[in-house]
Amino acid sequence: MIITLKDGSCKEYSQAMSVIDIAKDISEGLARAACVAEVNGGIVDLRTVVSEDCALNILTADDPEGLRTIRHTCSHIMAEAVKRLFPDVKLAIGPSIDTGWYYDFDAEPFSRDDLDAIEKEMKKIIKEGHAITRYTLPRAEAIRFMEEKGEPYKVELIEDLPEDAEISFYDQGGFVDLCAGPHLMSTRGIKAYKLTSSSMAYWRGDSNRAQLQRIYGTAFKTKDELSDYLAYLADIKNRDHNRLGREMELFTTVDVIGQGLPLIMPKGTKIIMKLQRWIEDLEDKEWGYVRTKTPLMAKSDLYKISGHWDHYKDGMFVLGDEKKDKEVFALRPMTCPFQYYVYKASQKSYRDLPIRYGETSTLFRNEDSGEMHGLTRVRQFTISEGHLIVRPDQMVEEFKGCLALAKYVLTTLGVNDDVTYHLSKWDPEDSEKYIGAPEVWEQTEQHIRDVLTELEIPFVEDVGEAAFYGPKVDINARNVYGKDDTMITIQWDALLAEQFDMYYIDQNGDKVRPYIIHRTSLGCYERTLAWLIEKYAGKFPTWLCPEQVRVLPISEKYADYAQQVRKELAKNDIDVTVDSRSEKIGYKIRDARNSRIPYMLIVGEKEQAEGTVSVRSRFAGDEGVKPLDSFLEQICKEIRTKEIRKEEVTDK
């Protein structure tokens, strides 16, 4: 047989050979580094026997699949360590993931001390250097084997496999686990690993099933790579909005109020207020929007007309019982049907369009409890919602305008380079989820595709992510843990005007259905706050800071001058405070720095005499003594232009 290698060279053998033996024939060094192999494009174990001509690529830890194999083997080693330390634990699943691996156990919650003990036991297993072998069992025998071992989750997994599935197991010195593989040849192949965290997880992701305990870990080729990754995780932890936002007193949550119902505290409220005022002024004064204010709830009749009752009821908070109550209400999950009736309140001519309705909307969605997280996934939230009622011939340009507005907002916030664009399409294989004919979906999706292509916006296409009434552009950002969150949505709707009998009178006097664009310019304010906390690690651009300047008198003798400085800044709409505590100036400076204040103005005898301030900033450290008027002009310009100053110094 002829084996074609990655570099195009060939090896010829007269008999069947295992991949590991072929690797040894090529190079002992390659065999020692090998983790897994690619045969004719498929990933296989090194123990796989090759018996015919094929293309072969030996993969090491430098290759993604090689590293994934190391991590998968780590998950099995960890499972063995857990069973050694906690024999009554039941095993669930333990796949490799992009950042390492996890394994789910039916067990009591694991503490950090437990994880440390498991790590030590893993070290013993690795040092023992057991060979890892693979074998298969017939279905009935495989089920009986796992039943005898008292592993009900493994039994369920086997029972759910297709009747003709090959049921494989991996044995590492007596510890056997159900697994499709691939795995390393020996436990000795693990060099650098770490258990990073533990959490609760539902069996098979179903909140109605058993609560399990999930342990996360990661592994790398070298200890240096592991060390770099752990430093990265530490930075992530420092940026995690769920921790940092509470530490900075931007928001909190309370059990008796409810999951997914955060309390935005004064500092966080100040940031959201600044964002909201900016967006409303931007939309109304520069983009031609008009404001509406609509109810937070409506009768079920409204949602039945829109289609939400049939397609989205499970995601709504319903007030009442249709079987018992004369009227049933629901908290609104969106504003569109309400604004349609604002449109319908008077007859519209083709000359009136486009009409751009904007509303700062508080919405309610009955998210699953397992999905709740900080400010990114909540049950009550506020968005910069808007609906554009347009003639069909205006649709493309107005859609481009919505994209331009979104890009302007993202650029101003300093996050435009951190997002990805997605064309969210319907799923023709699951057409019952949607309204409208297939040809309408195909046409509208193509219109969006053409717009994105013309504007040279890179995008990916996601099947099944459209709203039930139309395709959309989702602008997504990745949080510190690598999960994508949708920040801004722009939807193309050619269908709901029919549902609500919306029309305008054209130049011929005929009634014509308008098109509708559903869009946000900023998205959810709570989620945006979370995004900005993580983006800037709490060091927001000056214009967004809830406290922009702190005046620090050197002693009580200069408290009156500090108050004069405060009043002058406050007259110019600067958010400023005075630290009048009887503390040493060094302590006050450190406290202001830890509070992430953009500017500290230190005042003493000289500053009072000369009408100046000594400026220290997050951006350049000591900026020297400046006339108060000069500093005022500087910061007012920075706030007015929404400048994002680069951090040039570290906190020392």
Side-chain angles (χ1 to χ4, degrees), residues 1-78 94-101 125-136 164-173 176-193 217-229 460:
M1 63 180 177
I2 298 175
I3 306 299
T4 304
L5 303 178
K6 183 180 180 181
D7 63 1
S9 62
C10 295
K11 302 284 287 186
E12 187 170 350
Y13 302 99
S14 59
Q15 75 285 336
M17 296 272 283
S18 68
V19 173
I20 188 63
D21 287 336
I22 296 173
K24 290 176 181 177
D25 185 54
I26 296 170
S27 161
E28 286 292 337
L30 176 62
R32 286 193 297 272
C35 298
V36 72
E38 185 179 20
V39 175
N40 291 335
I43 303 299
V44 300
D45 272 330
L46 296 175
R47 54 185 70 77
T48 300
V49 174
V50 178
S51 58
E52 58 186 25
D53 295 354
C54 67
L56 174 65
N57 183 16
I58 308 293
L59 303 175
T60 71
D62 293 324
D63 300 294
E65 287 298 335
L67 185 58
R68 183 176 289 272
T69 301
I70 288 176
R71 291 168 169 175
H72 195 182
T73 300
C74 266
S75 78
H76 280 224
I77 292 172
M78 184 184 75
S96 61
I97 55 177
D98 288 344
T99 57
W101 79 86
I125 295 169
I126 292 167
K127 190 174 181 180
E128 290 166 7
H130 297 293
I132 301 175
T133 58
R134 180 182 186 274
Y135 65 90
T136 62
D164 59 349
E166 182 180 72
I167 302 172
S168 58
F169 298 83
Y170 282 81
D171 185 327
Q172 54 193 45
V176 180
D177 203 353
L178 171 73
C179 189
H183 284 282
L184 300 179
M185 297 294 290
S186 163
T187 61
R188 203 180 291 276
I190 307 301
K191 306 298 182 185
Y193 64 94
T218 192
F220 287 87
K221 176 183 176 182
T222 67
K223 291 183 179 179
D224 285 345
E225 290 175 338
L226 175 62
S227 179
D228 289 344
Y229 180 72
V460 296

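The residues of the chain are indexed from 1 along the displayed sequence. Keep in mind that what you see is a predicted model, and the values were worked out from it rather than measured.
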Next on the checklist: Quick one, Met1 and Met17 - any side-chain contact, counting heavy atoms below 4.5 Å?
Outcome noted: yes

Checklist entry - Hey, does Val50 have a side-chain heavy atom less than 4.5 Å from the side chain of Leu56? => result no

Checklist entry - Would you call the rings of His76 and Tyr170 parallel, tilted or perpendicular, where under 30° means parallel and over 60° means perpendicular? => result perpendicular

Checklist entry - Taking atom CG of Asp171 and atom OG1 of Thr133, what is their separation to the nearest 0.5 Å? => result 4.5 Å

Checklist entry - How far apart are the closest heavy atoms of Glu65 and Leu59, and which atoms are they? => result CB-CD1, 3.8 Å

Checklist entry - Quick one: does Cys54's side chain get under 4.5 Å of Ile3's, heavy atoms only? => result yes

Item to check | Pairwise side-chain contact, Asp25 with Lys11, heavy-atom cut-off 4.5 Å (strictly under) | outcome: yes

Item to check | Donor-acceptor under 3.5 Å (Ser168 side chain, Cys179 main chain) | outcome: yes

Item to check | Interatomic spacing from CZ in Arg134 to OG1 in Thr48 - rounded to 0.5 Å | outcome: 7.0 Å

Checklist entry - Is Asp21 reaching over with its side chain to a backbone N or O of Ala23, donor-acceptor style, under 3.5 angstrom? => result no

Item to check | Approximate separation, where rounding is to 0.5 Å, of Ile20 CD1 and Asp45 CG | outcome: 10.5 Å

Checklist entry - If you look at every heavy atom in Thr187 and Gln172, which pair is closest and at what distance? => result CG2-CB, 4.1 Å

Next on the checklist: What's the separation between atom NZ in Lys191 and atom NZ in Lys223, rounded to the nearest 0.5 Å?
Outcome noted: 9.5 Å

Item to check | Main-chain N/O of His130 paired to Arg188 side chain as donor or acceptor, under 3.5 Å | outcome: no

Checklist entry - Can you find a pair of side-chain heavy atoms, one from Tyr193 and one from Ile126, that are under 4.5 Å apart? => result yes

Next on the checklist: Tell me whether the count of non-hydrogen atoms from other residues, nucleotides or ligands lying under 6.0 Å of NZ in Lys6 goes above 12.
Outcome noted: no

Checklist entry - Taking all atoms of both residues into account, what is the closest heavy-atom pair of Leu184 and Arg47, and its distance? => result O-NH2, 2.7 Å

Next on the checklist: I'd like to know if the side chain of Arg71 and the backbone of Trp101 have a donor-acceptor N/O pair within less than 3.5 Å.
Outcome noted: no

Item to check | Asp228 side chain reached by Glu225 side chain, heavy atoms, under 4.5 Å | outcome: no

Checklist entry - Taking it one step at a time, do Leu226 and Thr218 satisfy side chain to side chain contact (heavy atoms under 4.5 Å, CB included)? => result CA-CA 8 Å; Leu226 175 62; Thr218 192; 3.8 Å; yes

Item to check | Ile132 versus Ser186, closest heavy-atom pair with distance | outcome: CD1-C, 3.7 Å

Using atom types as modelled, flag every donor-acceptor pair under 3.5 Å from a side chain in residues 27-41 to any protein atom, sequence neighbours excluded.
unit_1: Ser27; atom_1: OG; unit_2: Gly29; atom_2: N; d: 3.2
unit_1: Ser27; atom_1: OG; unit_2: Leu30; atom_2: N; d: 3.2
unit_1: Asn40; atom_1: OD1; unit_2: Ala55; atom_2: N; d: 2.9

Next on the checklist: Any donor-acceptor pair under 3.5 Å linking the side-chain atoms of Asp7 with those of Ser9?
Outcome noted: yes

Item to check | Least distance between heavy atoms, Cys74 atom then Ile190 atom | outcome: SG-CG2, 3.5 Å

Next on the checklist: Let's go through Arg68 and Asp98 carefully: what are the C-alpha distance in whole Å and the side-chain angles of both, what is the deciding distance for salt bridge (Lys or Arg N to Asp or Glu O under 4.0 Å) to 0.1 Å, and is it a yes or a no?
Outcome noted: CA-CA 8 Å; Arg68 183 176 289 272; Asp98 288 344; 3.1 Å; yes

Checklist outcome for this item: Closest non-hydrogen atoms of Ala16 and Val49, given as atom of the first, atom of the second and distance, are CB-CG1, 3.8 Å

Next on the checklist: Looking at Thr73 and Thr69, would you say the former's side chain and the latter's main chain have a donor-acceptor pair under 3.5 Å?
Outcome noted: yes

